[in-house]
Amino acid sequence: MLMLVDLHIHTTASDGRLSPRVVVDQAKKCGIGCIAITDHDTLAGYLSLERSGQSDVTIIPGIEFSTDLPKHEVHILGYGINSKDAELCRYIELLAESRRRRVAKMIAKLQKLSFEIEEVDVARCAGKAISLGRPHVAQALVDKGYFASSHEAFEAVLGKNKSAYVPHYKLTPQEVIALIKNSGGVPVLAHPGLVGCDTVVMQLIRDGIKGLEVYHPKHSRMESEHYLELAEQYGLIVSGGSDYHAIPGRYPETLGEFRIEKAWLRRFPW
Ligand code: AMP
Ligand code: ZN
Ligand code: FE
Ligand code: FE
């Protein structure tokens, strides 16, 4: 039987616009039987669902960690981690605090560049988010009329190594892979096509990445085929997700718009 899945979804716990509860309701409505909540550096969204308990949609615990290499941004998804693991929890707290300081630094840089923006402007956009991020800053800049879209704000000032960019807390991909494995989870490389360099992807495979996110809305068909081949060659998990944020103007704007069939996945243990 056809089953739809979505293993990469953000919520209001990080930079998504919909609460975890609404995400689950939408998944149910559009016939997605299995989802993973993969907020940036936090499990808060997933945990709120675990507490509320529901059985219509299978929910896999997930997280998306950011790491910065000098020239590349590498995002690593962790599936099935033990949310009570002490070391994992310690890192998650550290990362939340570091993200708050990082946003303050970005605001200071923007002020030096003559943008009139304050922490309260970003806080308004972040709402109750645990993980603050560049999309919150981008939205504040849009609200102030500096840019027509978040994407423009990224292109102009917030993108990697642009004038207001501040790197993430320094965790290497190797450290993230170890952290996920030590907390009982499976590390999967998010959107390898966006890493933009197969030498880096190959190094991550040698470092112990267990899967590739083959299906992602920013991958071309050719990229998906390429990473599917690579996954087959190295016996890796084949995963897929929509990277849904519910941000207007950012594809996919609705859940289910980017379809992933469970049958396309390989070696995914859930
Ligand atoms: P951060 O975690 O603060 O580094 O922000 C990462 C988030 O910014 C991810 O959700 C990305 O999809 C988003 N992002 C990265 N580049 C762009 C861009 N050019 N336009 C819009 N969003 C972006
Ligand atoms: Zn995001
Ligand atoms: Fe990502
Ligand atoms: Fe993501």
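We number each residue from 1, following the sequence as shown. Just follow the structure's listing: the first ligand is 1, and inside any ligand the first atom is 1.
- Between the side chains of His168 and Asp41, not a single donor N or O lies within less than 3.5 Å of an accepting N or O.
- Asp6 places a side-chain N or O within donor-acceptor distance of the main-chain N or O of Ser242, the cut-off being under 3.5 Å.
- For Gln26 and Tyr244, the side-chain atoms include at least one donor-acceptor pair closer than 3.5 Å.
- Partners of Arg259 by side chain to side chain donor-acceptor pair (under 3.5 Å), not counting sequence neighbours: none found.
- No side-chain donor-acceptor contact under 3.5 Å links Asp243 to the backbone of His8.
- Ser224 places no side-chain N or O within donor-acceptor distance of the main-chain N or O of Tyr215, the cut-off being under 3.5 Å.
- Counting only distance, with no hydrogens or angles, the side chain of Lys160 and the backbone of Lys71 share no donor-acceptor pair below 3.5 Å.
- Ligand 1 lies under 4.0 Å from heavy atoms of Asp15, His40, Arg99, Arg102, Gly133, Arg134, Pro135, His151, Phe154, His168, His245, Arg250.
- The atom of His10 nearest to the Fe ion (ligand 4) is NE2, with the search restricted to N, O or S atoms.
- Not counting sequence neighbours, the partners of His191 by the ring-ring contact (aromatic ring centres under 6.0 Å, His included) test are His75, His216.
- Excluding waters, the set of protein N, O or S atoms lying under 2.8 Å from the Fe ion (ligand 3) comprises Glu64 OE2, His75 ND1, His191 NE2.
- A donor-acceptor pair is defined here as one N or O able to donate and one able to accept, closer than 3.5 Å; no such pair exists between the side chain of Glu97 and the backbone of Glu93.
- Side chains of Pro135 and Phe154 form a contact here, defined as non-hydrogen atoms less than 4.5 Å apart.
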